[in-house]
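See below for the structure under consideration.
The shown structure was predicted, so the numbers you read here are calculated from the model rather than taken from an experiment. In what follows, chains are A, B, ... by sequence order, proteins preceding strands, each numbered from 1.
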There are 2 protein chains.
Amino acid sequence: MKKRLTLKLIAKELDVSISTVSKALRDSAEISEDTRQKIKAFAKLYNYKPNNIALSLKNRKSKTIGVIIPEIVHHYFTTVISGIEQVANEKGYHVIICTSNNSFDKEVINMEILANGSTDGFILSVAKETQQKGDYHHLTEVIEQGMPLVMFDRVIEEINCDKVIIDDTLGAKKAVQHLVNLGCKKIGLISTIDYVSVGKLRTQGYLEALSENNLELNESLILKVDDFDQSEEEISRFLSDKSMDAVFAVNEHFAIYAIKAFKEQGLDVPKDVSVIAFTDGELSKRFIPSLTTINQHGEEMGAQAARLLIKKLENDDSEDEPFETIIIETGLVERNSTKR
Amino acid sequence: MKKRLTLKLIAKELDVSISTVSKALRDSAEISEDTRQKIKAFAKLYNYKPNNIALSLKNRKSKTIGVIIPEIVHHYFTTVISGIEQVANEKGYHVIICTSNNSFDKEVINMEILANGSTDGFILSVAKETQQKGDYHHLTEVIEQGMPLVMFDRVIEEINCDKVIIDDTLGAKKAVQHLVNLGCKKIGLISTIDYVSVGKLRTQGYLEALSENNLELNESLILKVDDFDQSEEEISRFLSDKSMDAVFAVNEHFAIYAIKAFKEQGLDVPKDVSVIAFTDGELSKRFIPSLTTINQHGEEMGAQAARLLIKKLENDDSEDEPFETIIIETGLVERNSTKR
DNA sequence: TGTCAACACGAAAACGTTTTCGTGGTGGTC
DNA sequence: GACCACCACGAAAACGTTTTCGTGTTGACA
């Protein structure tokens, strides 16, 4: 096992001081051409690489970004990460990813650990549990310590920081409007219970679209799924005997369960009924029929979040700069689950 | 912006030495009950947390595991990560994830960066490009420096380290055997070109299963997809006029394209033809018909990899310990794309 | 020959810890 | 009162860097 080469070892080997080695490697003018060449050659030969930990300690910055997401086994989040990574790497940062598993405690612990020097700033989508609890002390603490924080997707309004969101309400409106444009009149909604902010916002978009088109609101056409694991049965029950001509689902899974349920009822999608979903993932593309969706542009979101964070990190007097909220535009992806 | 509290600040504030503070906080017997209480109270009040970077530098270990995967937007890898995280967190480690995007250069760079102190060891699935190139210097270097390395999924035989794999050959055999048991005689294979090791191994399993069942090998029933982006058309072309009664695809996507192609030919899956896939993901579960698959148990794989790595990390004379290769058992998940 | 600038390098502090060793003071014992 | 042990704490080194400042040597110039 080869020992890792350090400045000290090089210095001893070449019989100069540590400072000289350091300076030579950084091309300081203080060092004569001769010694510099000699030291650089030696370092290259034995493949010297500076120790990042020592650098972090010295510079008081780690050049890494901490990302905390509710779960990693989730296509949308991975696209966001992908976007973060691209921008971060471009600018010489790297990325630590931790998952909270939607647990408040794990979110807190992860943030504390990463905040103790490992990370210069955070990009975060809060855990469901955190949203329910309404306890944000870990976020405010981090901010007070001067660590920039960027929230994305599931953000918390009360917290003062940069944010990247999509306009869930508008996106939902677009979806419903699309259905209306296709001639649908009796449009159902499959959403989640309201403490999940996206569920709430998308529901709102649905309502707005209805009222803007002078369509009557019918509460019995709205389902708020509580338990994800039970959602398939819940949806199937909900859809029976409602004679809708369209359904807007706040995610792919609900949409697919809806299509299954319709099929079982002997209805054809999209001939008899149109289905549109929020969230554009692998499933939407490959399903038969492929799903018409509202695309959230995860990569773009991650990229913007990373840009915001790095901007704060590299700006010394960022203290005074106001916080930004970037809104990512959603897009309608037309496929085969809605009629033409 | 509150300054982060350090031992030095506490020491100054309480008018004792740094050493005293450190010892008090670590419950050293050297410190009198009185002072200890005082210091601990102060630290707690102002929420002191030791700086991880300084600890890493001091202890020469970071208590973090570096994970490098080809791509994160890939369900299977996220399940592996999930498994790694669980075990790692249990044992007090955290996890840095980097993606190579299947690029050799990015893999090398990421390893070098993480190896410079950020990480105590690696869990890695190599990039496609690395497999093609056959250049493994970055791996051997890391190993020579005494950093434990565990490879999973896409492993490289020549490299001497712990490994966690699934028995691709056996898994493929299981799949084909299942088809044979269902009475299928003319079984097609949709695989990838051979430098992707899993493609090769699964092809081998297919061949073995055929010969064990005394089924004749028909080269025209084997497709080796080269370009992922073109795979849909390639598969559709391949499947026309072959009159197979079953297909084994080495991943979900190929299986789904196959099903689509069959549908377009007016064939019903599973009535007219059975389809079975390697890799059990979201798609398999939700697709209609849902896919019969060979499950790779990603979480289990990640968990085992993490256990192996941590074992090496915590064992001082691990140098002498032989390397292990753990084989994760694949499982057959029977769903609706194969007849009963 | 004495002065001074330029040059090339080294010593040391700093980042925040932990740990070894040393030391001043107290109390007890003979 | 002298000696010793023990207690409670501090100084300093170490981890691997970077950087400021100091310093010895050289050469030019008057």
Side-chain angles (χ1 to χ4, degrees), chain A residues 2-40 43 46-64 112-113 115-120 145-146, chain B residues 2-40 42-43 46-64 112-120 145-146:
Chain A
K2 273 194 313 197
K3 267 243 139 318
R4 257 204 106 74
L5 203 51
T6 67
L7 291 186
K8 198 197 274 194
L9 287 176
I10 301 182
K12 199 203 270 179
E13 207 62 36
L14 262 49
D15 209 36
V16 291
S17 77
I18 296 179
S19 355
T20 305
V21 178
S22 173
K23 287 172 190 164
L25 291 178
R26 322 195 85 235
D27 281 322
S28 156
E30 279 184 52
I31 306 299
S32 71
E33 191 57 25
D34 262 15
T35 7
R36 202 192 314 171
Q37 294 295 342
K38 192 177 60 179
I39 292 174
K40 284 190 135 186
Y46 292 103
N47 194 26
Y48 168 78
K49 296 271 163 47
N51 179 313
N52 279 327
I53 294 292
L55 284 178
S56 294
L57 184 58
K58 179 84 182 108
N59 301 330
R60 268 98 148 295
K61 61 175 79 164
S62 58
K63 279 278 190 177
T64 78
E112 282 183 354
I113 294 178
N116 293 329
S118 311
T119 265
D120 296 341
Q145 281 175 19
Chain B
K2 273 195 311 198
K3 268 245 142 311
R4 257 204 105 75
L5 203 51
T6 66
L7 291 186
K8 196 197 275 194
L9 287 177
I10 301 182
K12 199 204 272 179
E13 208 62 36
L14 263 49
D15 209 36
V16 290
S17 77
I18 297 180
S19 352
T20 305
V21 178
S22 173
K23 287 172 190 164
L25 291 178
R26 322 195 86 236
D27 282 322
S28 156
E30 278 185 53
I31 306 299
S32 71
E33 191 57 26
D34 262 17
T35 6
R36 202 192 315 169
Q37 293 295 342
K38 193 177 58 178
I39 292 175
K40 284 190 133 184
F42 187 93
Y46 292 104
N47 195 26
Y48 168 77
K49 296 270 164 49
N51 180 313
N52 279 327
I53 295 291
L55 284 178
S56 295
L57 183 58
K58 180 82 180 114
N59 302 331
R60 267 96 148 290
K61 62 174 79 164
S62 58
K63 280 277 192 176
T64 78
E112 282 183 355
I113 294 179
L114 293 187
N116 293 328
S118 311
T119 265
D120 296 339
Q145 282 176 18

Completion exercise
Applied to residues 47-63 of chain A, the salt bridge (Lys or Arg N to Asp or Glu O under 4.0 Å) test, sequence neighbours excluded, yields Lys49(A)-Glu112(B), Lys63(A)-Glu314(A)
Fill in the blank from the handout: The ring-ring contact (aromatic ring centres under 6.0 Å, His included) partners of Tyr48(A) (sequence neighbours excluded) come to none
Exercise for the section: Whole angstrom is fine here: how far is it from CG in Asp34(B) over to C1' in dC7(D)? Expected result: 13 Å
Practice task
With sequence neighbours left out, write down each residue that passes salt bridge (charged side-chain N to carboxylate O under 4.0 Å, His left out) with Lys12(B), or none if nothing qualifies.
Solution key: none
Problem - side-chain hydrogen bond (donor to acceptor under 3.5 Å, both in side chains) against Ser62(B), all qualifying residues, sequence neighbours excluded - result: Thr64(B), Asp120(B)
Handout entry: Partner set under side-chain hydrogen bond (donor to acceptor under 3.5 Å, both in side chains) for Asp15(B), not counting sequence neighbours
Key = none
Handout entry: Arg4(B): partners by side-chain hydrogen bond (donor to acceptor under 3.5 Å, both in side chains), with sequence neighbours left out
Key = Asn116(A), Gln145(A)
Practice task
Please give the angle, rounded to 10 degrees, between the axes at the start and the end of the helix from dT1(C)-dA30(D) to dC30(C)-dG1(D), where five pairs define each axis.
Solution key: 90°
Exercise for the section: Could you tell me the separation between the CZ atom of Arg36(A) and the C1' atom of dC9(C), rounded to a whole number of Å? Expected result: 13 Å
Completion exercise
Hits for side-chain hydrogen bond (donor to acceptor under 3.5 Å, both in side chains) against Thr6(B), two or more places apart or cross-chain, chain-then-number order -> none
Practice task
Looking at every strand, decide which applies to Ser56(B) at a 4.0 Å heavy-atom threshold: base, sugar-phosphate, or nothing.
Solution key: nothing
Exercise for the section: Using a 4.0 Å cut-off on protein heavy atoms (strictly under), produce a 5'-to-3' string for nucleotides 12-22 of chain D with B for base contact, S for backbone-only sugar-phosphate contact, and - for none. Expected result: B-BBBBBBBB-
Exercise for the section: May I ask you to decide if Ala115(A)'s main-chain N or O and Thr119(A)'s side chain share a donor-acceptor pair within less than 3.5 Å? Expected result: no
